[in-house]
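Presented below is the structure to which this report refers.
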Amino acid sequence: MRHTNQTICSHKASEQGFTLVEILVAMLVLAIGMLGIAALQLRGLQYNHDAYLRSQINLLAYDIADRMRLNSDNAATYASTQVLTTTRPSCTVGIVSVANDLNCWYQQGYDALPPGSEMDIVADASGTFSANISWSDRDGVDTTVSYTFMP
């Protein structure tokens with residue numbers, strides 16, 4: 001009887017607690033899960049920035065169309081191109097002129113878009129205008145959005 005009692009006690013002692021291997025495996029699974037969550041968060045931030053740029057481009061296109069409608073007698077003189085570099089164009093709020101409207105538009109683009117973006121207005125023979133806005137996205141791919149309108 002004494003012999004069986006010792007066997008039971010030694011068997012219980014070997015089953016208590018976690019082993020170091022079990023803890024390391026659990027930590028590995030947890031670390032892989034956390035890396036996956038971090039990657040998803042990063043991708044979400046990138047897509048959010050792309051959506052922000054596209055919304056700013058919509059606002060810029062509607063803004064220049066409204067400025068041209070306000071000064072429709074001089075609409076043909078709005079056709080121009082600007083590359084947004086390190087120099088921020090100056091703009092005077094409240095003045096309606098072609099030069100000031102373009103400077104204000106370029107200033108808004110300078111504030112909203114990445115450096116090196118390009119904004120231009122092209123007129124065709126039928127009196128239709130296109131506001132073209134080009135920028136490099138997060139992957140370095142050049143993207144152009146064109147809005148066609150009549151002032």
Side-chain angles (χ1 to χ4, degrees), residues 12-151:
K12 271 188 170 182
S14 67
E15 291 182 1
Q16 292 178 352
F18 290 103
T19 65
L20 185 58
V21 173
E22 290 171 331
I23 292 173
L24 289 175
V25 169
M27 294 289 285
L28 178 66
V29 170
L30 181 66
I32 290 171
M34 294 300 283
L35 284 173
I37 291 171
L40 286 174
Q41 180 71 20
L42 179 64
R43 185 63 71 184
L45 287 172
Q46 289 171 339
Y47 287 135
N48 190 25
H49 184 69
D50 288 349
Y52 167 78
L53 285 177
R54 290 189 181 273
S55 67
Q56 292 303 309
I57 288 166
N58 282 329
L59 292 172
L60 287 167
Y62 283 113
D63 180 64
I64 196 61
D66 288 341
R67 288 176 187 273
M68 290 175 70
R69 286 184 188 108
L70 185 62
N71 193 7
S72 60
D73 293 338
N74 299 316
T77 58
Y78 277 85
S80 69
T81 301
Q82 175 79 25
V83 176
L84 304 176
T85 58
T86 57
T87 306
R88 186 174 192 251
S90 62
C91 164
T92 306
V93 178
I95 296 177
V96 178
S97 72
V98 174
N100 189 61
D101 287 347
L102 288 173
N103 281 340
C104 290
W105 189 54
Y106 294 139
Q107 184 183 61
Q108 290 172 341
Y110 178 87
D111 292 340
L113 301 174
S117 299
E118 186 174 308
M119 301 168 60
D120 67 358
I121 301 170
V122 178
D124 68 7
S126 67
T128 303
F129 290 84
S130 294
N132 305 307
I133 302 172
S134 303
W135 75 100
S136 292
D137 66 6
R138 65 181 165 12
D139 296 326
V141 177
D142 292 334
T143 305
T144 301
V145 175
S146 180
Y147 291 89
T148 304
F149 59 93
M150 293 192 67

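Note that the coordinates shown come from a computational prediction; the quantities given were computed from them, not determined experimentally.
Across Ala79 and Ala123, no two heavy atoms sit closer than the pair CB-N, 4.3 Å. The shortest heavy-atom contact between Ala61 and Trp105 is N-NE1, 4.4 Å. Considering every non-hydrogen atom in both Ala112 and Tyr52, the closest pair reads O-CE2, 4.0 Å. Residue Glu22 comes nearest to Thr19 through the heavy atom pair OE1-N, 3.1 Å, listed as atom of the first residue, atom of the second, then distance.
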Q: In sequence, state the C-alpha distance, the side-chain angles, and the governing distance for Ile37 and Gln41, and then conclude on side-chain contact (heavy atoms from CB on, under 4.5 Å).
A: CA-CA 6 Å; Ile37 291 171; Gln41 180 71 20; 5.6 Å; no
Q) Does the pair Leu70 and Asp101 meet the rule for a side-chain contact (heavy atoms from CB on, under 4.5 Å), with working shown? A) CA-CA 10 Å; Leu70 185 62; Asp101 287 347; over 6 Å; no
(Q) Could you go through Leu53 and Gln56, starting from their C-alpha distance and side-chain angles, then the distance that decides it, and tell me whether this counts as side-chain contact (heavy atoms from CB on, under 4.5 Å)? (A) CA-CA 5 Å; Leu53 285 177; Gln56 292 303 309; 5.5 Å; no
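The closest side-chain heavy-atom distance from Arg67 to Ile64 is below 4.5 Å. Using a 4.5 Å heavy-atom cutoff, the side chains of Cys91 and Tyr110 are not in contact. Side-chain atoms of Thr148 and Asp124, non-hydrogen and from C-beta on, never get closer than 4.5 Å to each other.
Looking at Arg54 and Asp50, no side-chain N of the basic residue comes within less than 4.0 Å of a carboxylate O on the acidic one, giving no salt bridge.
In this structure, Gln107 contributes its side chain and Pro89 its backbone to a donor-acceptor pair below 3.5 Å.
Taken from CD1 in Ile133 to CD1 in Ile57, the straight-line distance is 5.5 Å, to the nearest 0.5 Å. In this structure, Ser117 OG and Leu60 CG are separated by 10.0 Å, a value rounded to the nearest 0.5 Å. The CG atom of Asn100 sits 9.0 Å away from atom CG of Leu102, with the distance rounded to the nearest 0.5 Å. Taken to the nearest 0.5 Å, the CG atom of Asp120 stands 7.0 Å off from the OG atom of Ser134. From Trp135, atom CH2 reaches atom OG1 of Thr144 across 7.5 Å, with rounding to the nearest 0.5 Å. Between the CG atom of Leu113 and the CE atom of Met119 there is a distance of 6.5 Å, given to the nearest 0.5 Å.
Of the listed residues (Leu30, Val25, Ile32), just one forms a side-chain contact (heavy atoms from CB on, under 4.5 Å) with Leu28, and that residue is Ile32.
Counted by atom type alone, Ser130 and Asn132 present zero donor-acceptor pairs between their side chains at under 3.5 Å.
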